[in-house]
Each structure stands twice: as structure tokens, then as C-alpha cells.
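Inspection log for the structure reproduced underneath, given as C-alpha cells.
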2 protein chains.
Amino acid sequence: MVHPLGSPMAFSFKLLATSNAARLGEITTAHGAVRTPAFMPIGTQATVKGVHPSAVRATGADIILGNTYHLMLRPGAERIAVLGGLHKFMNWPHPILTDSGGFQVMSLAQLRKLDESGVTFRSHIDGALVALSPERAIEIQNLLGSDIVMQLDECLKLPATPAEIERAMRLSLRWAERCSRAFEGAAPGRALFGIVQGGDDMALRMESARALVDIGFPGYAIGGLAVGEPQEVMLRIVQETAPALPADKPRYLMGVGTPEDLLEAVRRGIDMFDCVLPTRNGRHGLAFTRYGAINLRNARHADDPRPLDEQSLYEPTRTYSRAYLHHLTRANEMLGAMLLSEINLAYYQELMAGMRASIKAGQFADFSAATRETWDRGDVPLHS
Amino acid sequence: MVHPLGSPMAFSFKLLATSNAARLGEITTAHGAVRTPAFMPIGTQATVKGVHPSAVRATGADIILGNTYHLMLRPGAERIAVLGGLHKFMNWPHPILTDSGGFQVMSLAQLRKLDESGVTFRSHIDGALVALSPERAIEIQNLLGSDIVMQLDECLKLPATPAEIERAMRLSLRWAERCSRAFEGAAPGRALFGIVQGGDDMALRMESARALVDIGFPGYAIGGLAVGEPQEVMLRIVQETAPALPADKPRYLMGVGTPEDLLEAVRRGIDMFDCVLPTRNGRHGLAFTRYGAINLRNARHADDPRPLDEQSLYEPTRTYSRAYLHHLTRANEMLGAMLLSEINLAYYQELMAGMRASIKAGQFADFSAATRETWDRGDVPLHS
């Protein structure tokens, strides 16, 4: 997207409305707008698993997330750059956020060394030794052409010792500075986000947030959550961290979460999310619906002619019977994984759209209560 | 589809044009028309593997094939009938042909007994003992609601002894009679096809064809080919059998084949085909194109920004780069199998459409020569 005067559109965020702490907004990027609160489907290896880019768009997604770790190893960031960038490569002309690679390095790769300079690890694909520094993380994301670039940080699994949490938070802050410098001069339609770390220690979280705001970013993420801690711990940290971030910048809670997580985090002032749950669970026969999660592998669906949700805005959710989805899932047919991935992404987007509409109307609490009530009602079996 | 006067449309076949032995025609069924020569994608387990029904349609398919053997075992024909039939179950409102189950019983199941009455076998899914007779094969296909129903026959693998071939052919003829009686009273929009057997023995093939024509079917298949014999044997049998079948009925060559097989069989008077090759090969990284088969796993595609065929009528074939398809295939991403399955089905349909247009123009031989020339040219590497 090019500005009428010829220069690319600048990255910006507009806060449009609030409903208590919940926020309605819009991010502008060089590849289009992102309505917030936004859920970003995950396109790990330059594809949202099992879903055509056109179907990802049809579910209502404004933006997807790409994984720097996977893409740098295969097919390689330099290769994607020569091929015209990630948007063109994967036929997704809309906004893309890429993570820094740090999270996957620490969860997937065999780590060789982590020090001030960065991390060295062995690729989980071919065992090759690869180095990732704050500067290289930015370079890779620039090569990919991401609209939103994430700083390199160190992600700990919780629980961790206080000393470890503090050390990782301070290292992440120093890397934030280096990433900020490395990102200078990037095109105006793109943005670098800083990441708040500090584990479950609120004092460290506050220190991290303040230091990042001092550096100054066009958006802020809360990282190091959804890594094994109880939901109430996560929500408490979100609740206390969000207000410490500038109201006029987007706030992104990384790697979260279940539909309930999204509702509760939006209530606490979060604007952006990413999570593998809708596609991963879809591949395993689990559907997210207005009436909660439904396991299509269950034999009770074998003769059920009803669609998953007749009121869904997404045509496949209204069209295919539970009996058919059950059959596909039991028969391990690709189409089962494909349809349930789409159906789940569409439910997540419908939930986000519902939140956005309710914030606009100043009725987020009512929407939240009604949504919870329908989840709690649960799925009603055919012969009940 | 319901006739304006309220009765379902009768099954019919119109021969519209010929170009030497090649035939252009149109089949009418209760679910719509089938332009011939026609290629039928295979929807084994009530899904064309890895392809949305809407995408199957978008590739140009008028009709798909369902496998009675698979569907009777899972989810079960009676279940599909209660759910409204196979068209509704799999969201394919267009024509469907089902095979009789015989071929898969003999290739997939552990056969227990084959005698005059039918076959008894153990399900490859749960080991259950199942019986299939000519009458049951018709009943199952009626329950599925197929537009074109196939008789039960005995399929031998070639080579087989002359005595075996003759015995199987005569048994198949007696089963054709029983299937014909069992199909009496079926709705007028549907049709039962007889199947010519006789292995590679032309005298037996002629006898089989004559006897089936005496029974009288609205369409005829040539079965028991593409089961291990050389292509020239198959084409010789097709060449001699086709003229023995009534000119005013459709002719279906079962389980065939490669693009070259289709071209050569249409040249010899065949109207219908089915084959797993486009989808199965697509799942393994092989693309069928105007320039022959292309193996996307090959490293030479890693940096190739070109689509598989810029002149294709199918948008994904023109859109996705070889580099991207290579990446998806190497990374074992579902989207690679999905896109290549679609791309291959679209090529098959484009080939059929080309044959139909050339027959209409009386120029099948020219089309055939030009098609072969482009295949022989082969794919031109990027830096050549």
C-alpha cells in the first residue's frame, strides 16, 4: 500500500475507544490496517498450517505471525529476500509480524551458548551451527520484510529462580537497546516492538516496562508468559503490566492463548495476540465454538447432522455436519484438519470482532458475561 | 436438480461430435451435466484428499468418484443415507460415480471367500468380517445416492492365467445380470454401468462386451486394466473394445491414468476416466504440467521465482512460485500437498477441456500432436 503522495504509509496506532481497560484501536502498516484487539494466526514455516492464504483472510485475519527461527533455517531469510520478501513468497499481501527467533531457539534448538553477544545453537533440521544476535534478528526480519519486527529477548520457562529471571530480563533490555539501534533507518511503514520480561516478579516487570518506554518503541509486547505458569499468574502480570505501558501504543501479549485467555487479557488492556491453539487443536480434531471446545473424535458426533454452529459467520462452520467432521477426523483425512483449522481460526476472529464491537459500544463487560454464559452452557448433544 | 415439470431429469448421454474415433459428449444426471471426455477426481473416503470441494469444482471437475469399499466400512452406507446421501455428506452437489467396491476388496482387504454369491473379506480398518454381493453392492450405491452406479465385478491383476481370466470374466457377467435386476426401479436420473472384463484376451473381451450389450446398460466401462500390464497392451485392448460398445452410450476406462494415457484413450473412443495420480503425486511433491511432470522436491527449484505455468487457467498454478512449492514440499507442510493436488487436478481438467475443444473443431489429432510436443519439450530450468 502506497500513500497517495507516493511515500509508504507510516506505521501508526490509533486508540479509538475504551470500555474500562479494554481498548479498541487500529494499527496502520505499509501492508494495510490491523483492527485491534487482533488475533494473529501463526504461519510458522511461511504457511498457516493446512489453510490457504485466501481462507486465512476469509476467516477475518488482518495480520499473521511468521517465525524467524523457522524461516532463517529453511528456506533462509536471504533467499526469501531475493524472492521478493515473505509477503510475496507466501502470497499474503497483508500485514505480517515476525517474532525474533529467540523463543524457538530456546524451545526447539540444541542451545550451544548464550551470552551477551547473542545465542549460538544447532538447527533442529540439519544440526548446523547457527548464531543469532540482536543485530542479526533485526537483519533477518528486515530481509523478510515484516511489518512488525520483534526485538531479540531471552525467554525463560517458568518456574525459574529469581536470579535467573532478573539476569534474563536485564539481558533482554540490553538487547532491546541494540535492536532499536539496528532498526534505525527502516522504512516508515514498519515498526519494532520491545518486549517486557521479568517472569512472575512484578518489580522486575515494572522495571523492564519503564526501561523499554525510556528507549521508546512504537509498540510493546509482554513476553515470557504462557510458558507453564497458572492462568491467574499470567493475568495478574498482564493486569499490572499493561497500565505501565503507554496508552497510545499497541500492547501485544505473546503466545496467548485460549479463548478465555483472550477475553481476560483484552479486559486488562491487551491489543494483540498470537497462538497455535486454533490450528494445532484443529489438526487433532478439536473445534473451538461459541459453545466451548468440541472434540469431533467423540463417537457421539458420528450420526449428528448439525453443523458446529449455525450462527457462525463462516460458511464452512455452518455447512459441514459434525458427522462429516467426525468421519474425516477418524479417517485421518487432510480435509478434517483443514476444515477444523479454518473453523477454529474463524471462531477466534469472530470472538475478536465481538470484543471490538462491544468495546466500541462501551459494553465489553456485558459481551464478556454473555460469551462466558454461552461457553458455560456448553455443547448440547443431539439427543438431549 | 429437478426438471421444470417436477420429475427428476432422466439420465442421458448425447454424442455431440467426433474427430476420428475421439468423441465429444454430454451426460445428464439428476445432479447436473458431465462434459465428456471427462476426468473424475477420486474422493475415496468422501473427500478428494487435501482439496476443498469448492476447489475441486474450481479446477473444472463436473463429477467425482467415490469408493464404495471405503465408504461401506467407514462411516457406513446406511449412516450416509440417514445423513442425506453422499452428495450432502461431503458437500458436493454435483454428479458422483461410485465404484462397486470389488476392486478395493481384492487389493486392500484380506479376502476370505470369493464364490458365485459374492465376496467375503476382512475390513482393513478393524478386521470385521464383511460380505459383498452384487445385490449388496447396488444397495450400498443406492444408499449413497450415486448418480452413476457400477456393477460388482471380479478384478484380476495381470498377468493371470487364461483360465483365471475366463472364469473371472464369466463370473463378472453373471454378476452384471444380477446387478441389473437389483438396480431395477432406481430413480430415472441415475444409471448403472456394466463392466467389460477379459484381461488381455481380446476374444474374451469381445464376448464380455457383446453379452453386456445384450443385457443393456446406459453406459459401459472397461475394467481390469491399469493393473500391471504395459501401456501398449492397455491401449490395444481399448482400441479393440471401444468399437464393440454402442456409440450412443458413454465409455469409461476405469483407473486410468497418466496424461498420456488419457490422450491415447480418448483418441481410441473413451469418454470417462478416474485416477488417483493427480492427488497422490501431488501429495508427494510431483506436479503435472503442460511441460510434463515436475518434481518440486528437486533442489533446482529452491530459488526459482517462476510459477509452474503462467498460462494456466487455474489461479494457484499461475500464482505460487516453484521456490515456495519446493519449500512447502521439503518442509512437509500440508499446504504443499494441498496446492499440488489442486494444481494437478486443474492440469488434468485443462487437458480434458483442450481435448473437448479440439474434438468439437474436428482437430483432435492436431491438439494431440501439439500437446505431446510441449510435453516432450519438457520443463526448462531457470538458468538454461
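Quick note on labels: first sequence line is chain A, next is B, and so on, each numbered from 1. Not measured: the values here are computed from a predicted model.
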Residue pair A:M338 / B:G50: nearest heavy atoms and the distance that separates them: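 Answer, listing the atom of A:M338 first, then B:G50: CE-O, 3.4 Å.
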Rounded distance (nearest 0.5 Å) linking atom [atom1] of [X] with atom [atom2] of [Y]:
| X | Y | atom1 | atom2 | result |
| --- | --- | --- | --- | --- |
| A:S341 | B:M334 | OG | CE | 6.5 Å |
| A:R322 | B:L83 | CZ | CG | 13.0 Å |
| A:S54 | B:E315 | OG | CD | 7.5 Å |
| B:T44 | A:E333 | OG1 | CD | 7.0 Å |

Start with the C-alpha distance between B:H327 and A:T47, add both sets of side-chain angles, then the distance that settles side chain to side chain contact (heavy atoms under 4.5 Å, CB included), and finish with yes or no. CA-CA 10 Å; B:H327 165 68; A:T47 158; 5.7 Å; no
Tell me if the CZ atom of A:R280 is crowded by more than 12 foreign heavy atoms within 6.0 Å. no
Tell me whether A:R74 at atom CZ has more than 12 heavy atoms from other residues, nucleotides or ligands lying less than 6.0 Å away. yes
Side chain from CB out, backbone as N, CA, C, O: work out which of these in [X] comes under 4.5 Å of a heavy atom of chain A, or both, or neither.
| X | value |
| --- | --- |
| B:A302 | both |
| B:L339 | side chain |
| B:Y320 | side chain |
| B:H70 | neither |
| B:V51 | backbone |

Taking side chain as everything from C-beta outward and backbone as N, CA, C, O, which of these in [X] sits under 4.5 Å from a heavy atom of chain B? Side chain, backbone, both or neither.
| X | value |
| --- | --- |
| A:H326 | neither |
| A:E342 | side chain |
| A:I125 | neither |

Counting N and O atoms only, with roles assigned by atom type, does the side chain of B:Y324 sit under 3.5 Å from a partner on the main chain of A:N91, one being a donor and the other an acceptor?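 It does not hold such a pair.
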Test log, rule side chain to side chain contact (heavy atoms under 4.5 Å, CB included), inputs B:Q45 and A:R330: CA-CA 11 Å; B:Q45 301 193 99; A:R330 284 292 187 100; over 6 Å; no
Show your working on side chain to side chain contact (heavy atoms under 4.5 Å, CB included) between B:D303 and A:R79 and close with a plain yes or no. CA-CA 7 Å; B:D303 296 297; A:R79 171 171 282 145; 2.6 Å; yes
